[in-house]
Amino acid sequence: MNYYIGIDLGTSAVKMLLTDGNGKIVKTVTKEYPLYFPKPNWSEQNPEDWWTAVCNGINELTCGLDKAEIKGIGVGGQMHGLVMLDENDRVLRPAILWNDTRTGKETDYLNSVIGKEKFQQLTGNIAFAGFTAPKILWVKENEPENFSKCRKICLPKDYINYRLTGVFATDVSDASGTLYFDVENRKWSEEMLEIIGIDKNYLPTVFESYEVIGKTNTLGLDCDVVAGAGDNAAAAVGTNTVGEGQCNISLGTSGTVFIPTVNYVKTANPALHSFCHANGKYHLMGCILSAASCNKWLNEVVFESDYSISADSDSDLYFLPYLSGERCPHNDGDVKGAFIGLTHATKREDMQRSVFEGVSFAIKDCIELCPEKITKATVCGGGTKSKAWMQILSDILGIELSVIDNEGPAYGGALLAAGIKREPQIKYSVLPNKALAEIYAKKYKKYKMLYPALKDFYKED
């Protein structure tokens with residue numbers, strides 16, 4: 001029997017699974033690691049924590065197996081994170097993560113001084129605080145000693161692949177989110193590297209996601225490792241969102257709307273990302289920085305217990321899900337989350353529902369920017385555990401949703417390693433309630449008034 005390992009290097013944990021050669025999931029393992037917020041708007045992790053968790057997870061995943069039967073590994077992972085290594089391959093500083101928004105100054109400089117039009121021409125995208133290029137500029141300005149010692153720059157999942165194989169590699173989908181990658185031509189942008197002042201020799205070799213980068217001989221394994229993919233492209237492979245006319249919504253720590261395209265698309269609205277897909281094609285993506293993490297915050301931090309609701313009622317309470325600032329469509333690292341409409345009559349159920357609604361409205365913000373009308377979508381991620389939330393999301397978007405029965409990125413990684421495609425198992429589907437959809441359409445109009453009304457409140461004097 002041949003087996004394949006899929007790895008999802010997430011923000012709060014690494015999720016790993018073992019499949020057979022036909023894509024059937026045999027075993028799953030999850031290993032958590034710390035997330036650090038040393039200052040407001042900062043979000044960091046220690047790459048050594050990732051590696052320790054991956055090693056422990058692989059050992060648990062393969063326990064009792066003949067490791068000679070493990071034939072491949074594919075890693076999907078959190079995008080945009082900055083990992084810097086010195087000449088001895090030692091980590092120079094904690095990784096700056098995708099949801100870190102300290103780079104407002106650098107992002108404004110890139111978009112305003114260098115210019116959004118130039119970035120779209122060179123990379124297909126504009127600068128966002130979460131992207132890798134502004135992080136490099138921040139380190140260059142604020143930690144010159146670390147910058148001077150840097151000899152390798154990579155993304156989170158690429159650090160794991162480097163430790164597994166000794167090959168310094170990345171893939172086109174993950175590289176697309178750096179802002180120094182030429183998405184249309186699937187290569188590093190020489191002009192962008194000159195603008196941000198980094199040596200191309202410090203960057204990994206670029207592969208397609210399904211290409212083998214090398215072999216691993218660690219942890220008792222001797223198998224191929226493919227380049228892997230950014231978490232959303234990997235999830236799209238896991239949910240088989242690979243053809244035009246499809247859409248996958250992911251409700252993990254962040255939330256994304258993922259739309260495959262055959263050809264490169266220069267988006268009319270720069271709030272949408274134009275990236276390479278893991279299948280050799282391209283995709284459009286809208287991203288909100290806080291999705292299921294909003295629900296986790298409400299229940300674990302505020303209420304300190306889990307809570308469930310029904311989906312068939314409504315209130316006048318609104319929630320803005322900007323707990324880490326916001327990317328799409330506002331590109332605003334300063335904005336904060338908010339409940340609006342609290343009264344003495346507000347109940348816990350109202351707050352829970354408004355969180356589900358607020359995240360769903362933010363997803364709708366992304367859907368509204370898509371060049372083609374979305375009529376149905378698959379959904380994956382931790383948010384799918386709540387059927388009430390899925391009904392609310394369907395009502396707000398006005399489309400049919402199919403909830404997928406797998407851990408999207410990890411499963412996609414395993415499929416990339418195995419070199420196969422597989423139709424996903426659907427746990428259940430949800431159709432919009434017409435009456436509630438009409439109510440939510442009116443509520444969405446009011447929701448859209450809130451960000452413009454509050455955005456200046458959070459700006460520094």
Side-chain angles (χ1 to χ4, degrees), residues 8-15 30-53 77-84 91-108 127-143 146-147 155-157 159 177 231 251-256 287-304 319-328 330-339 355 358-359 362 381-383 454-455 457-460:
D8 173 18
L9 190 73
T11 311
S12 58
V14 60
K15 298 176 182 178
T30 297
K31 298 292 181 183
E32 296 183 349
Y33 33 68
L35 177 64
Y36 302 102
F37 304 100
K39 294 183 180 180
N41 299 328
W42 289 29
S43 179
E44 298 183 342
Q45 280 178 328
N46 182 354
E48 290 299 322
D49 290 339
W50 302 335
W51 177 241
T52 298
Q78 51 171 297
M79 297 178 68
H80 314 300
L82 174 63
V83 181
M84 305 178 75
V91 175
L92 277 169
R93 67 166 333 278
I96 305 176
L97 303 189
W98 59 272
N99 57 350
D100 185 299
T101 57
R102 76 183 71 179
T103 60
K105 174 184 173 183
E106 291 75 18
T107 303
D108 289 343
F128 290 85
F131 281 12
T132 318
K135 296 179 172 73
I136 293 172
L137 292 180
W138 185 92
V139 173
K140 188 176 183 180
E141 174 70 22
N142 296 277
E143 299 177 354
N146 282 334
F147 187 81
L155 298 160
K157 71 119 174 48
Y159 177 74
D231 52 3
L251 291 176
T253 302
S254 63
T256 58
C287 177
I288 63 173
L289 294 183
S290 300
S293 55
C294 292
N295 190 51
K296 180 181 176 70
W297 162 79
L298 183 71
N299 285 283
E300 294 186 5
V301 178
V302 180
F303 295 139
E304 297 184 343
F319 175 71
L320 296 182
Y322 309 142
L323 301 186
S324 297
E326 189 54 292
R327 187 182 297 180
C328 181
H330 306 308
N331 196 11
D332 187 344
D334 296 320
V335 69
K336 303 293 189 293
F339 282 105
V355 167
V359 174
L454 291 174
K455 65 176 182 178
F457 179 81
Y458 299 106
K459 299 296 183 185
E460 293 184 5

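Since this is a predicted model, take the numbers as computed values, not measurements. Numbering of residues begins at 1 and proceeds along the displayed sequence.
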Residues which pass salt bridge (charged side-chain N to carboxylate O under 4.0 Å, His left out) with Lys140, listed by chain and number, not counting sequence neighbours: none
Aromatic plane relationship, His80 with Phe131 - under 30° parallel, 30 to 60° tilted, over 60° perpendicular: parallel
For the student: nearest non-hydrogen atoms of Gly358 and Pro321, plus distance: O-CG, 3.6 Å
Counterpart residues, side chain to side chain donor-acceptor pair (under 3.5 Å), relative to Glu326 (two or more places apart): none
Ser290 versus Val359, closest heavy-atom pair with distance: O-CG2, 4.2 Å
Glu106 (side chain) donor-acceptor with Lys135 (main chain) under 3.5 angstrom: no
Geometric class of the Trp42/Trp138 ring pair [parallel <30°, tilted 30-60°, perpendicular >60°]: perpendicular
Thr103 (side chain) donor-acceptor with Ala129 (main chain) under 3.5 angstrom: yes
Short side-chain to backbone donor-acceptor contact, Glu44 and Ala95, under 3.5 Å: no
Residue that, paired with Ser43, satisfies side chain to side chain donor-acceptor pair (under 3.5 Å) out of Thr101, Asp100, Asn99: Asn99
Tyr33 and Glu48 side chains, donor-acceptor separation under 3.5 Å: no
Check: Asp334 main-chain N/O paired with Lys336 side-chain donor or acceptor under 3.5 Å: yes
